[in-house]
Amino acid sequence: MGSKRLVSYAWAGAANLRQHLKSHRDGREISRYGVRPGDVIFSYYKKDRQRNHAGVVTGGSRGNISITQHGSKNHTTLNQWLKPKKITAVSIIRPGRRS
């Protein structure tokens with residue numbers, strides 16, 4: 001039961017982080033073709049109807065994005081994220097400077 005609770009907190013944390021970056025850190029949406037290391041990528045799982053996972057972009061070229069995340073596979077790519085078709089959308093945020 002404890003691990004389910006942690007997963008729920010992690011999912012809520014991803015949604016809250018995205019909102020915080022956009023609302024309080026001048027974060028802006030970035031196209032997958034304009035990513036650079038340090039951008040934060042959020043996924044939207046169809047089943048859960050919310051943004052509930054985040055990763056940090058570690059590299060990208062022509063839409064091919066490398067991602068570092070916590071979980072069973074620490075290093076992955078956007079194509080691997082999208083492969084199981086459980087993710088219906090992604091949002092990439094470039095955090096702004098803290099004022």
Side-chain angles (χ1 to χ4, degrees):
M1 179 120 180
S3 64
K4 275 194 175 239
R5 178 174 276 166
L6 290 175
V7 169
S8 296
Y9 290 148
W11 289 355
N16 290 338
L17 175 60
R18 182 178 179 277
Q19 186 61 41
H20 176 78
L21 291 175
K22 289 190 67 131
S23 299
H24 302 290
R25 295 291 182 253
D26 291 330
R28 57 188 168 99
E29 294 277 344
I30 301 297
S31 156
R32 70 185 282 181
Y33 298 98
V35 299
R36 63 183 186 214
D39 293 342
V40 184
I41 186 167
F42 298 90
S43 59
Y44 186 94
Y45 281 81
K46 183 168 142 180
K47 178 178 105 176
D48 300 314
R49 293 182 276 170
Q50 65 179 343
R51 296 188 196 284
N52 57 16
H53 192 71
V56 177
V57 174
T58 54
S61 175
R62 295 188 298 270
N64 298 315
I65 300 172
S66 297
I67 302 165
T68 297
Q69 62 182 2
H70 82 278
S72 60
K73 190 171 186 183
N74 293 337
H75 303 285
T76 189
T77 65
L78 178 58
N79 289 338
Q80 289 171 329
W81 259 21
L82 298 174
K83 193 173 186 177
K85 299 188 189 315
K86 294 177 183 176
I87 296 174
T88 58
V90 295
S91 171
I92 304 168
I93 305 292
R94 178 160 302 143
R97 296 191 184 271
R98 186 174 181 175
S99 51

Please report the interatomic distance [atom1]([X]) to [atom2]([Y]), rounded to the nearest 0.5 Å.
X: Ile41; Y: Gln69; atom1: CD1; atom2: CD; answer: 10.0 Å
X: Ser43; Y: Ile92; atom1: OG; atom2: CD1; answer: 11.5 Å
X: Thr58; Y: Ile67; atom1: OG1; atom2: CD1; answer: 8.0 Å
X: Asp26; Y: Ile93; atom1: CG; atom2: CD1; answer: 12.0 Å
X: Arg94; Y: Leu21; atom1: CZ; atom2: CG; answer: 12.5 Å

Set of ring-ring contact (aromatic ring centres under 6.0 Å, His included) partners for His75, sequence neighbours left out: none
Is any side-chain heavy atom of Asn64 closer than 4.5 Å to a side-chain heavy atom of Asn79? yes
Validation row: Leu78, Arg32 side chains within 4.5 angstrom (heavy atoms): yes
By side chain to side chain donor-acceptor pair (under 3.5 Å), which residues pair with Thr76, not counting sequence neighbours? Gln80
What is the minimum heavy-atom distance between Pro95 and Val40, and which atoms define it? CG-CG2, 4.2 Å
